[in-house]
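Comments concern the structure below.
Residue numbers start from 1 in every chain, and the chains themselves are labelled A, B, ... in the order their sequence lines are given, proteins ahead of strands. Just so you know, these numbers come straight off a predicted model, no measurement behind them.
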Number of protein chains: 2
Amino acid sequence: MDFRKIANIAVDCVILRLDSGTVNILLTRRFLNMYNDRYPIIDDWVLTGNHINRSERLDEAASRIFKEFTGFDHSYMEQFLTFGNPKRIKNEKDLLWTKSRGTDPRSISVAYYFLLQSDKNIVENSNLKWFRIDKLPELGFDHKQIISRAYDNLKLKVMSEPVIFNFLPDKFTLNELQLAYESVLDIDIDNRNFRKKATGKSYIVPLDEKRVGESKKPSKLYMFSKDVYDRTSAKNYVINV
Amino acid sequence: MDFRKIANIAVDCVILRLDSGTVNILLTRRFLNMYNDRYPIIDDWVLTGNHINRSERLDEAASRIFKEFTGFDHSYMEQFLTFGNPKRIKNEKDLLWTKSRGTDPRSISVAYYFLLQSDKNIVENSNLKWFRIDKLPELGFDHKQIISRAYDNLKLKVMSEPVIFNFLPDKFTLNELQLAYESVLDIDIDNRNFRKKATGKSYIVPLDEKRVGESKKPSKLYMFSKDVYDRTSAKNYVINV
DNA sequence: GCAAAAGTGTTGGTCATACACCCATGC
DNA sequence: GCATGGGTGTATGACCAACACTTTTGC
């Protein structure tokens with residue numbers, strides 16, 4: 001195996017998770033000082049990402065990075081865009097950072113997004129934190145743009161494929177499912193209509209089990225069956241334009 | 001401007017066009033001989049593509065390549081996936097080819113697809129030809145896979161956004177529009193239902209003009225209005241899962 | 001006058017939307 | 001016993017799918 005890094009190609013990961021009705025993103029701190037920790041030259045945030053090894057596939061690099069930062073194996077990953085604008089290096093800080101790392105300032109970044117189930121917890125620290133997507137801190141490079149394109153792409157995916165379940169625990173309630181859709185798409189959904197639609201899907205399988213303790217009235221649990229989904233969803237060509 | 005090539009990053013273009021009811025793809029010949037033209041070592045086909053310049057954006061490189069090969073400015077371009085498998089170099093020929101070109105055998109390719117209007121003609125020659133997507137010749141590298149992923153992506157796009165018009169001349173008949181959908185999606189569409197739906201869209205604008213000569217009965221012409229489309233299609237969040 | 005492509009309407013079923021109250025439990 | 005989130009039904013309109021014949025022209 002060839003573990004040398006390719007200096008001008010990086011993989012950046014937009015790691016997403018739902019929490020209390022909003023989309024959250026995992027970021028790492030970018031920190032650089034010259035002489036003294038109290039006067040850093042760079043102190044802001046960036047996406048989790050890294051360079052790739054010479055003998056590594058792009059998606060291998062992405063899942064490796066995901067595992068390094070979260071500790072989990074990913075359940076959903078999507079390569080959505082590659083960024084290669086020579087002006088991705090926005091400013092002095094970005095340039096300084098690439099120099100300090102010895103990487104090519106003209107680098108391209110293959111961007112992935114990952115969905116993390118809400119019952120999988122990560123220990124945050126001063127270098128690794130969740131941020132609400134509507135309250136992002138100062139970000140390095142073009143990472144604000146990368147996040148925004150990831151989110152656009154996710155919304156499209158969520159409306160056409162059953163990826164939302166990757167945000168939820170294996171067993172979930174219909175109200176959790178509804179809230180997940182509402183959070184991601186930033187819309188309100190009528191509860192009765194939603195339940196009708198959801199219970200009508202054969203691949204949203206009711207379990208003989210209730211969740212107790214979380215709310216006053218126990219709530220019925222469901223699971224998503226990929227098998228049933230694959231079997232039933234024969235591609236129907238609907239032109240929605 | 002820095003016109004040096006970046007040796008390990010390429011842009012590949014899947015250039016698509018509709019012709020007599022099928023999707024066609026523009027390919028260039030890959031030809032290499034050692035001593036004698038009559039005994040080539042390599043003689044197969046690849047996508048139009050090239051390396052990028054150090055000061056060029058990815059989409060600039062892609063549109064430059066499109067223009068070089070077709071002579072036209074593009075009307076629709078989509079970056080759909082980046083390929084970076086170390087095994088993209090399938091065999092002896094691929095390796096030989098990269099050596100003969102002096103490029104890095106571990107290169108990644110940012111892939112775009114382009115749609116060409118059916119009234120824009122390209123002069124074909126022995127090094128540049130259209131091929132039906134269902135009758136592709138022997139292809140170098142992973143280009144068969146790139147084409148297949150491009151086509152998958154196009155089908156999804158066609159069903160959710162008004163990109164089909166980029167295959168048609170500015171003025172088109174409803175039957176041409178229907179045939180375009182049928183060709184791309186490889187389906188049959190009921191003519192009466194289709195016309196009802198199409199004429200119901202405000203952005204498919206009837207013209208006071210008929211096409212004569214092509215068929216016995218003159219046929220009404222229509223145009224697509226992007227303005228009207230943008231104004232009327234307020235994003236409606238329909239969960240189709 | 002006939003071949004060839006253009007163009008036209010109705011019906012039944014499915015699915016999305018709008019809308020307001022009762023239920024089971026914890027405290 | 002009351003606060004909290006869980007859970008339920010009906011009526012209306014929009015849209016999709018199925019289906020066969022007439023119209024206009026070139027030759």
Below 3.5 Å is the cut-off: list the nitrogen or oxygen pairs between protein and nucleotides 11-17 of chain D, distance only.
| residue | atom | partner | partner atom | Å |
| --- | --- | --- | --- | --- |
| dA17(D) | N7 | N193(B) | ND2 | 3.4 |

message: Check whether F69(B) forms a cation-pi arrangement with R64(B) (NZ or CZ under 6.0 Å from the six-membered ring centre, at most 45° off the ring normal).
response: no
query: In chain order, what residues pass the ring-ring contact (aromatic ring centres under 6.0 Å, His included) check against Y151(A), with sequence neighbours excluded?
result: none
field: Residues in contact with DNA chain D, drawn from residues 178-189 of chain A - heavy-atom cutoff 4.0 Å
entry: none
field: Residue mapping more 5' on DNA chain C - nearest nucleotide basis, Y222(B) or R192(A)
entry: Y222(B)
field: Worked verdict on E161(A) versus N240(B) for side chain to side chain donor-acceptor pair (under 3.5 Å)
entry: CA-CA 7 Å; E161(A) 279 172 54; N240(B) 272 324; over 6 Å; no
task: Could you check how far CZ of R195(B) sits from P of dA18(D), rounded to whole Å?
output: 19 Å
- request: Look at the rings of F224(A) and Y229(A) and say which category their plane angle falls in: under 30° parallel, 30 to 60° tilted, over 60° perpendicular.
  value: tilted
field: Start and end of chain A contact along DNA chain C [non-hydrogen atoms, under 4.0 Å]
entry: dA16(C) to dG26(C)
message: In this structure, is the centre-to-centre distance between the rings of F172(B) and F165(B) below 6.0 Å?
response: yes
- line: Note: for L174(A) and N191(B) on DNA chain D, the residue whose nearest nucleotide lies more 5' is L174(A)
Under 3.5 Å between N/O atoms: give me all the protein pairs with nucleotides 24-27 of chain D, atom names plus distance.
none

message: Using side-chain heavy atoms (C-beta onward) and a distance below 4.5 Å, is D19(B) in contact with T22(B)?
response: no
All side chain to side chain donor-acceptor pair (under 3.5 Å) counterparts of R149(B), not counting sequence neighbours: none
- line: On DNA chain C, more 5' by nearest nucleotide between V212(A) and T173(B) is T173(B)
query: For the atom pair NZ (K220(A)) and OG1 (T173(A)), what is the distance rounded to the nearest 0.5 Å?
result: 12.0 Å
- prompt: Which one of I164(B), V14(B), L185(B), L16(B) satisfies the side-chain contact (heavy atoms from CB on, under 4.5 Å) criterion with L154(B)?
  reply: L16(B)
- request: Kindly state whether the ring of Y113(A) and the ring of F80(A) have centres lying under 6.0 angstrom apart.
  value: yes
- prompt: Are R30(B) and W45(B) in a cation-pi setup, meaning NZ or CZ lies under 6.0 angstrom from the ring centre and within 45 degrees of the ring axis?
  reply: no
query: Cationic tip of R231(B) within the cone over Y203(B)'s six-membered ring, i.e. under 6.0 Å and within 45° of the normal?
result: no
Touch class at under 4.0 angstrom, heavy-atom based, for N175(A) against every strand present: sugar-phosphate
- prompt: To the nearest 0.5 Å, how far apart are CZ in F141(B) and CZ in F83(B)?
  reply: 14.0 Å
query: In whole Å, what is the span from the CG atom of D190(A) to the C1' atom of dT10(D)?
result: 13 Å
